[in-house]
Structures are given as structure tokens and as C-alpha cells.
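The structure appears below as C-alpha cells.
Residue numbers start from 1 in every chain, and the chains themselves are labelled A, B, ... in the order their sequence lines are given, proteins ahead of strands.
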2 protein chains.
Amino acid sequence: MDELQRDRTITIYDIAEEAGVSPATVSRVLTGNAHVRREKRERVQELIAKYNFVPNALAKGLSNTTTKSLGIVAADIRNPFYAAVFMACEQAAERLGYTVGLFNSLGKIENEEEQIERFRQQKADAIILLGGRVDDLVTHTAFAEHVREICRSTPVVVTGKLDRTPCYNVRIDASNAMRQLMEHLFELGHERIALVGGRLDVTSTYEKYQTYSSMLHARGIRESGDYVVNGGYDYQSGYEGMNRLLKLKARPTAVVAINDFAATGILRSVVEHGLSIPGDISVVSFDNTYLSELSIPKLTTTDYDYDYFGRMIAETAIAAAEGRDPAPETRIETTLIVRESSGPAPGTGGHPSGTARKQKRGAITGA
Amino acid sequence: MDELQRDRTITIYDIAEEAGVSPATVSRVLTGNAHVRREKRERVQELIAKYNFVPNALAKGLSNTTTKSLGIVAADIRNPFYAAVFMACEQAAERLGYTVGLFNSLGKIENEEEQIERFRQQKADAIILLGGRVDDLVTHTAFAEHVREICRSTPVVVTGKLDRTPCYNVRIDASNAMRQLMEHLFELGHERIALVGGRLDVTSTYEKYQTYSSMLHARGIRESGDYVVNGGYDYQSGYEGMNRLLKLKARPTAVVAINDFAATGILRSVVEHGLSIPGDISVVSFDNTYLSELSIPKLTTTDYDYDYFGRMIAETAIAAAEGRDPAPETRIETTLIVRESSGPAPGTGGHPSGTARKQKRGAITGA
DNA sequence: CGTTTGTTTGTAACCGGTTTCATGATATCG
DNA sequence: CGATATCATGAAACCGGTTACAAACAAACG
């Protein structure tokens, strides 16, 4: 780093002076929303190119009321689900001429509040909350209060459900996703179906559980408390949850994982117990992140059209920011993707049962 | 959304008026870098709390020369490697009082340039390029030229190698990482070692290849062109590359994947060929993303201390932004993490060879 | 040719902070 | 007690854009 000397920033005043026009005229050329005599316009444009001039977005934002930027607070961008949503969201925003700021809250509520505050200072035109505390059913009163406060100055879009706040809402139809998985399992003859991972105080998880429960009932299957193993949303939760399930006398023949992460933990547990998937146990999950393609066997899971999801979030935020009046609630449809991790329940149909049955390519077996 | 009515933004002038002081005094209270009589200070602070006032960061940035923000352009945040680096980087920046903006270039050079331009407009105090085109050995002349241009106004930190530009550089010691993997494989008795994935025009990949090559030579092992299968950095590349390798008469006993993603593709290919890992083939890779813990078997890989990595990037950027003069180049050390995917070369040592040997828990076998 | 309409342009105010400068009030010191 | 240093504060300029307003000018019309 020899010459740390940075260039002096150049402004419309510099351009104006050299072009022999007023700053207002340069501004008119930049925004393009007023007439400027062709000759002058071209002179200005030449100078802009010559000096590689870029208008100062701060000044612009200060003068206009809008910054064309969105603030996004994500729970954890390392989670491929959020990464995919964020990405789609960012790309959509970008197409609409908006930039995004990102902050990872790591699920800590102080972080979320602090960062929301930051975005407010930065005059983000809207704020987007991806997962995190907004998802809590029993919303911290203080947090909801804070969000409500923010809403008074800036539109807020959440992917969870934040009751009693004027937030816009774009979310997965979790209930329907669960329905699809359950129907799939029913068709394969499963009745002993477990649910692994997730906390019931998170809205989407609660919705999933509700549907799980009611569908079992509708089929006349007794719901066993042992089969619902709550926990977190990570590998470890899946792994430990499944270990617990495999200690049961009547172990389940199918497991619904709360997400792909948990599913991979479940896979691990099953393999370590010397069982086969889907020969002995079927595993299905939510989200269709790339984990479901990478794991062995590939996971049966529910997909969401992330591009659409992200686009709806961004468009809702931007519409609200621009004073148009977007739908307060948008539900994202889900699609069942059947891969290798689900198969007929052992002992049903014409298949040789259990580990002995012919395996699909890529099915895995314990040692 | 009943009452879309947003609050009027309140300013230091409002505060000043109600407190019966001048705006300058309010500003002094805010910045805290000048004396204000205690009585007035408290009055102002009360009002700030009362109105939930936050200073407008745009005005602040316009007035100061700094915005306390960093612009980060990542190749693809969905890649867990970048996600981890970004995250660490963001957290470190946050601790130092900086915010980050993020943009995914998807490796497209136009996107990168456009976004860099955006950050320049937004007066980001520094710009960080994570992967992407900066990694190209044969740097596009036009792109380098553009970056050089940016450097004239804003510090730029890159994780690749961008020759002939005044960029700061923080990167993995790829060469050493490869050395560790190779030594590990040598110790296990492997000689027929393949390299799968990656493009040689990417600096880090080139460095890895160089080390691979020279270490084989040093051991007196003839390097076979068949064993170097370049491609991309994803699952597919690993899968296809491995399929190709398994068609060889003398197939390798160990494979070095260019990253964890590629490794999972390799795993898949091996399993589909009915071979066992590490019984028949050892697989090792780079990055130690969570994929290496999730996959079955768990991957032997090289770790980087992401927190440190991210911190160095952020600190370098911020130091440069603040006119201190950080080291122009920082290398991140690597650590070998041995897990389940690597084992003794078949036919060596006292182990029963090949698929017949006793397998570790969690080792996988094809059908 | 006077009037009307429409185009061009510059001046100046404004967005919301920070900071220099000048001034007045206090405190410290020989 | 007067001189000097320190504290406290407001007025005003500045950061770099946008835009309302007014004025100058040209073209079109009857």
C-alpha cells in the first residue's frame, strides 16, 4: 500500500462549475426528470463519465425521503433456508432498484432490537424480519412493543406471525406442507409416525404440529406423546430426538423432521443403529434446501419456490415503502418432493419387509 | 393495516426547541464529544428517550466523512463457506460499531461491478469482496481496472488474490491446507490420490493443485493426469468427477475434494458404485463447513477458524477505512480435522483389506 | 405585434446532522 | 484583583444532493 492517497470526492458542484452550468442543472441531468437543453446535458454527461462521478447516496437520501434500501434481519444466514430466502429477496429487491443491509440476530432478541434500531437510523425504507423472535407464538411483550413502535415509522415485513402488530406477513403455508407429508406417508401405509425437532412456541412449528395431530385423529390413529420429540432446528436435535425414538419398544416406521437439518441428524442416528432408510424407517422433512439433495439417501421434503417467496417479501416491503398498499398477508404454497428417504411401511403391501427388501440405489444401510 | 399513517420523523431541531437549547447543543449531547452543562444534558436526554429519537444516519454520514458501514460482495451466500465467513465478518464489524450491506454476485462480473458501484454511492467506508471474480488468476483486465479505480476512493479487502491492485488481502493458506490433507493420506498409506473439482484459473485452486503436484513428486509418485478432474465447486462436480474416476482401471484409493460440497457429490457417486468409504476409498476435503459433520460418513477436512478469518477481514477493512494502516496481506492458518471419511489405503498395514474390513460406526456401504 | 404557453435555467431553501468560531460565564492562579 | 485558562453555548457554515420559485427566453396564436 504505497500511495494511500485517496482521491478527493467530486460533487455536482465540481461538475457544474466545469460545465459552466448551475448545480441544479447537473442534478436535473442526473435525475432526468426535467428538461435540460441537449447541448448542456451532453456536456454534463461527458464530465460525469470523465470523472467517474457517482452521486452521493447519503445526500440523495437526505434530500429525498427515500433511500431505496431495505434492512433485513435474519436469524442465521448459515441456515440454508434463510440463505435461500435472503438471496431470493435480495435479488428481487435489486431488480426493483433497492439495496439490502443484512444482519444476523442469531436468535438473540437484543441483537434483533439493536439492529432494527440501526436500520431505522439508516432510514431503510422498510425492514424485513426473517425468522427469529418474530416467530414466537408467545411473543415477548417487550419485543412486540418495540416492533409496534418501529411500525409507526417504517413498514415491517415478517415471515413469522407477529400478532397484534401492524406488520406485513409473508409466510409458508406450514400447515399444508405438513398435510402433504402426512398424506404421502399414509399412502405408503405408515401409521406410527413421529415428529422430531422444533419448538412448539414457534408459530410454524405449532401449525405443523396441529396438522400432524388432526390428521392422525382423522385417520383414527391414536396420537402417542412419545412420538413427538421437540427440540431445536439443527442436526443435533434430529440426532438426539431420533436416538430417543429408537429406544422405544414400538418404534415409529416414519419420522417427520422439522427441517432438513434435523433430518440429517435423524439419518445419522438411524444409520448408527444399523437400520435402513427407507427400508426400516422413512424420513421426510420440510424446506427442500440443498441438504435434501446432498444427503444419502436424498430426502423427501416440501419445496417452496424460494424465488417467489423472496420476491413476495421484497415486493411487499417495497410496495409498503412506496405507499402502495400491499396485501397484509401472503401465503406461500408448498410442493411435495418425493425422493429416496421415504418408502412403504415395513410389513405392508407386496414388498419384502424390513431390511431384507430390495433397496433402491443409494439407500443406506448400517454396518 | 388500518392506520398507515406513519409518524413524522423528529429531528434534533425538535428536541432543541422543546429543550430550549440550540441544535448544536443537542448534537453535542449525542456525540458526547463536548461539554454540556449537566442540567441541559439531562433535559435533552429525557426528550430523546421520550420521543424515541434516533439520529438520522444519512445526515450524520453526510456531515462526517464516515458512514460506519462496510459493503460486502459475496459470490453466493448460500454456500456455507461464504455464509460462515460473512457471518463472522458481520459479527466482528458489528462489535466495532459498523454495519454491513450484502450483495450476492452469483459470480457474475457485471453484478459485482454494479454492486461495488452501489456501495461507492452509499459511501461505504470500505468494500469487501468474498470470492467471486477476484479469485481469478487471469483477472479480467477490465474488472481489475475497475477495482483499481475503486481503490482510489475506498479501501478494498479481498479474500482472493487480485494482482496489481492496491487491495488488502486476507486469505486461507490453501497450500498448507492441501499439505495437511496430503500428509494425512500419505500416513494412511495412500499413493493413488485424485483431486476432484475446482477450476485452475481460481487462485486458491491453483495453489492447491501446485502443492498436490509437488508433494506427489517429493514422494516419488508419478502424477497421473487422469487423477486430476477439474470442474466446479458444487455437488454435481464432485458427483460427475468421481463417476469418471471410478471408470478407470486403476482407480484411486483416495480423493481430495475441492470443498465439502464436491465431497458430498463424491460420496454419492461412491455409494452408488457399491463401494465403501473409507474401506475402499478415502475422501477428504477443504473448508469444514457443517456439511462435513452432516454427511455420512463425516468428512475429514481442513478447518479455518472462521471467527478469526471474519475478524481479520473486518478489522483490516475498518483499519484501512480509519486511516490506520493494516497489513496488506494476512494468511489464515488451517487445521486438519480427521473424521470418518479417511482410513488406511486398502491392502496396507494389518487391517483386513477393502470392503471386508471391520467398519467404523457410521461408515457407509453401497447396496 | 401583444399575449399565452412552454422550455431552460439559476437562485436559494431544504433535508438533518456536525463543527468552527466567537462570545460570555467560571474557575484558577500569581 | 486582574490575567489567563477552561467551560458552555449559540449562530452559521458545511456535507452533497433535490426542488420550488422566479425569471428569461422562445415559439405559437389570434
Distance, nearest 0.5 Å, that separates SG of C89(B) from OH of Y306(B): 13.5 Å

Identify the heavy atoms of R148(A) and P166(A) that sit nearest to each other, and give their distance. CG-CD, 3.9 Å

Separation of R37(B) atom CZ from dT9(D) atom C1', in whole Å? 9 Å

Identify each donor-acceptor pair in which a side-chain atom of residues 48-62 of chain B lies under 3.5 Å from a protein atom, sequence neighbours left out, and give them as a table.
| unit_1 | atom_1 | unit_2 | atom_2 | d |
| --- | --- | --- | --- | --- |
| K50(B) | NZ | E18(B) | OE2 | 3.1 |
| Y51(B) | OH | E18(B) | OE1 | 2.7 |
| Y51(B) | OH | E18(B) | OE2 | 3.4 |
| N52(B) | OD1 | R120(A) | NH2 | 2.9 |
| N52(B) | ND2 | E149(A) | OE2 | 3.1 |
| N56(B) | OD1 | L58(B) | N | 2.7 |
| N56(B) | OD1 | A59(B) | N | 3.2 |

For the side chain of K60(B), starting at C-beta, report the closest nucleotide among dT18(C), dT8(C), dT18(D). dT18(C)

In whole Å, what is the span from the CG atom of N56(A) to the P atom of dC15(C)? 18 Å

Using a 4.0 Å heavy-atom cut-off, does T11(B) contact any base of the nucleic acid, only the sugar-phosphate backbone, or nothing at all? sugar-phosphate

dC15(D) C1' sits how many Å from Q121(B) CD, rounded? 17 Å

Assess the side chains of Q122(A) and T67(A): does a donor N or O sit below 3.5 Å from an acceptor N or O? no

Round to the nearest Å and state the distance from I10(B) atom CD1 to dG17(C) atom P. 9 Å

How close or far is atom C1' of dG17(C) from atom NZ of K123(B), stated in whole angstroms? 17 Å

What's the CG-C1' distance between L62(A) and dC15(D), to the nearest Å? 9 Å

Which atoms of nucleotides 10-14 of chain C (N or O only) lie under 3.5 Å from a protein N or O atom, and what are those distances?
| unit_1 | atom_1 | unit_2 | atom_2 | d |
| --- | --- | --- | --- | --- |
| dG10(C) | OP2 | S22(A) | N | 3.0 |
| dG10(C) | OP2 | S22(A) | OG | 3.0 |
| dG10(C) | OP2 | T25(A) | OG1 | 2.5 |
| dG10(C) | N7 | R28(A) | NH1 | 3.3 |
| dG10(C) | O6 | R28(A) | NH2 | 2.5 |

Hey, does T31(A) reach any base, or is it just sugar-phosphate, or nothing, if we go heavy atoms under 4.0 Å? sugar-phosphate

Shortest non-hydrogen separation from E322(B) to Y98(B) and the atoms involved: OE2-OH, 2.8 Å

Under 3.5 Å, which donor-acceptor pairs do the side chains of residues 36-45 of chain A form with other protein atoms, sequence neighbours left out?
| unit_1 | atom_1 | unit_2 | atom_2 | d |
| --- | --- | --- | --- | --- |
| R38(A) | NE | E42(A) | OE2 | 3.2 |
| R43(A) | NH1 | A19(A) | O | 2.3 |

T154(A) and A126(A): which non-hydrogen atoms are nearest, and at how many Å? CG2-CA, 3.6 Å

Between C1' of dG16(D) and CZ of R120(B), the distance in whole Å: 15 Å

What is the distance, rounded to the nearest whole Å, between atom CD1 of I15(B) and atom P of dG17(C)? 9 Å

